[in-house]
Each structure stands twice: as structure tokens, then as C-alpha cells.
There are 6 protein chains.
Amino acid sequence: MPIITLEGPRITDLDRRRRLIRELTDAAVKAYGLPQEKIIVILHENSREQVGVGGELLADKD
Amino acid sequence: MPIITLEGPRITDLDRRRRLIRELTDAAVKAYGLPQEKIIVILHENSREQVGVGGELLADKD
Amino acid sequence: MPIITLEGPRITDLDRRRRLIRELTDAAVKAYGLPQEKIIVILHENSREQVGVGGELLADKD
Amino acid sequence: MPIITLEGPRITDLDRRRRLIRELTDAAVKAYGLPQEKIIVILHENSREQVGVGGELLADKD
Amino acid sequence: MPIITLEGPRITDLDRRRRLIRELTDAAVKAYGLPQEKIIVILHENSREQVGVGGELLADKD
Amino acid sequence: MPIITLEGPRITDLDRRRRLIRELTDAAVKAYGLPQEKIIVILHENSREQVGVGGELLADKD
């Protein structure tokens, strides 16, 4: 049942997305000693208008 | 204040969505003994490119 | 993979907890048409010092 | 590292969004005594078809 | 219904906690133009063994 | 700012925890092309009385 939720920017390349899911899953498999099919990954994608760092919208940085 | 957040695929049928919210709310009302208007439900909808199970994108599973 | 996360107060009675999990699961099974074993429920329990409603700590209310 | 996640309706006005992020950040800076650049804010925006209060879809209210 | 969830270290001082909840609530009231009693704040407290920044456990820093 | 939140059982061994955080961080660094110090990992630990799979408490599964 371990569930990995990632809040980050959008990843457009589908292969990059596949590899990310595989590597996050592998890390959890090793840590918990659970079979791979128990691990769930959810990618929450956020635009630069939805995130603030240091009090400033990402969209306003550089 | 109990808050139920559901991460799942998109539900297109509005009545199905209404019934889901009603049933999740009822379950919480019974468990907490709180009035119904205290219960909040949020449906987070995820595409098959945003979810991985067993290290594989849902979009890649048949 | 649907995942139901519930933020609420602590439920001490184990049977109440069991019934809550069963009913939340049933609601999701009906809404998504997925087999029951795909549904995960997580109960996050919060003390009255961890929650504010209307700008006030729950611990400070009545 | 404190992370503030806000689940709410969409805020269309960009300045309102900027001010919200600044004020949430300031509140966390004071509470934790950490430098401002450590604070992250994520705004999750939900439509009225995604939220239920009191067992009813927001979209069905008033 | 806006819900503010804060993931941060533990705040032991109860007054600091009260002020944080009040200020987060005020920021949301202004941004959404909703009455104060609609705003919910949840403080999730995490130990230094539960958080990693830059690949390193907080407990291992300084 | 990418934030990885993991909901899972408790990991008692500190080295296992360190390695998990390092590997999750590495996966995010590769996927986003961001410097390592931008990546935050939060481990939420749940007891077997807090999680249900398939409508059943983990604590009730042998």
C-alpha cells in the first residue's frame, strides 16, 4: 500500500515520466521489502501560477 | 471538520459523483457522530499518465 | 488504485474504524466499478491542538 | 521546509494570488522562525464539481 | 471549505500555534472573500527523522 | 520545490530511511533536472490500525 505522491512541475516527456515512476517504485520496494505491485505513485502537476517559494509566485521568478 | 480526499480516475457522470459524495459523507457521519454539514469531500481526478501502479504507468497497462 | 484519505479526530473504537473503512470502500467500489481490493483507505488522526476552524484551535472551542 | 497546501476554489486574479502566497508565507515565517525562502506554498484549485460539503456537491448549492 | 494543510516541524508553544492558525485563516478569508468559519487549518507535525531535504535526513544536518 | 510525500508503514531502521530518502531524491533530480537541494521528502508513517486495503483493516489481515 505505500503511496508516493509527488507535487512538482509538469513532465511532458512520457519516457521521463515512466522512468520516474519506475525509480520511485524501486526505492520503495527496497525500503519496505514489499512486492512491486503494492506501490502506487501519483504525480500531481502544478503550474508556475500555483506554487510560491519564499513568498513569491514561481511565475514571477526569473 | 473531517475531510475526505479521494485520489482516483475521473468520474464523468454527475449523478455517480453526487452519490459518491453522499455515501462517503454518510460513512463519516456515522463514524464520528458529527452533523453532516461538517463533512467535506474533495475529489482529485488523475489521468492515466499521472498514476503508476507496480512501477508502470496506468496508461501503459492494457 | 483509488485512495481515500480521511483527516479527522481519533476514533478509539476499533469496530467503528472497521465499519468506516468498509463503508468508504463500498462507496468507492460503486462509483468506480473497480474490484474492492483496489481501494485503499488511510485514516489520518489529528488532535484538537492540530486543527483550527474559523481561525480558532479546536482545543479552544467549548 | 514547511509546506503549505491550500485546497480551495480557483483564484483568477493574479495579484490576489500573489498576496495570498505572501501572507501565508509570512505567517509560517513568524511561527517557525525560519527564513522566508524555506517556505513553500501550493495552491490546489478545485472546481465546484469536485467538492462536496454536507453530502452535497458545491455545484448543486444555490 | 478552503483547507490549509501545513507540513512542518512541531510547534510546542500553544500561543504560537493559535496565532499561526489565525493568520493563515485571515489570509484565506481575504483571498477568497469567504466567511472565516469556512476556513479549516490542519497542522501536520513531522519529526526530523521523517523529513529529507537535498537527499539528507533533517536529523543528520548540523 | 518538488515534494515527495510517502504514506507507508513505519521504517525503524535509520539507515534504510536514509537510503530511501536519497533514492527518492535522486529519482526526482533526474526527472526534473533540478539541483538536489530543491527536493523535499516527507515520510508519513501509518500504523496497521490506520490503513484499510480492500475494505479491511491491515491490522485484521494476518
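Residue numbers begin at 1 in each chain, while the letters A, B, ... track the order of the sequences. From a predicted model like this one, the values you see are computed outputs, not experimental measurements.
Residue contact with chain F, scored on non-hydrogen atoms closer than 4.5 Å, involves the backbone and the side chain of C:R22 alike. Contacts of F:E7 with chain C are made by side-chain atoms alone, with heavy-atom separations under 4.5 Å and no backbone atom involved. Contacts of C:I40 with chain F are made by both backbone and side-chain atoms, with heavy-atom separations under 4.5 Å.
Taking every heavy atom of both residues into account, C:I21 and F:E56 meet most closely at CG2-N, 4.1 Å. Of all heavy-atom pairs spanning C:L14 and F:E49, the tightest one is CD1-CG, 4.0 Å.
In terms of modelled atom types and a separation under 3.5 Å, the side chain of C:E37 and the main chain of F:G54 share no donor-acceptor contact. Without hydrogens or angle criteria, F:Q50 side chain to C:I42 main chain gives no donor-acceptor distance under 3.5 Å.
The CG atom of F:D60 sits 4.0 Å away from the CZ atom of C:R18 when rounded to the nearest 0.5 Å.
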Checklist entry - Checking side-chain contact (heavy atoms from CB on, under 4.5 Å) for the pair C:H44/F:N46: CA distance, chi angles, key distance, verdict? => result CA-CA 8 Å; C:H44 278 171; F:N46 300 279; 3.6 Å; yes

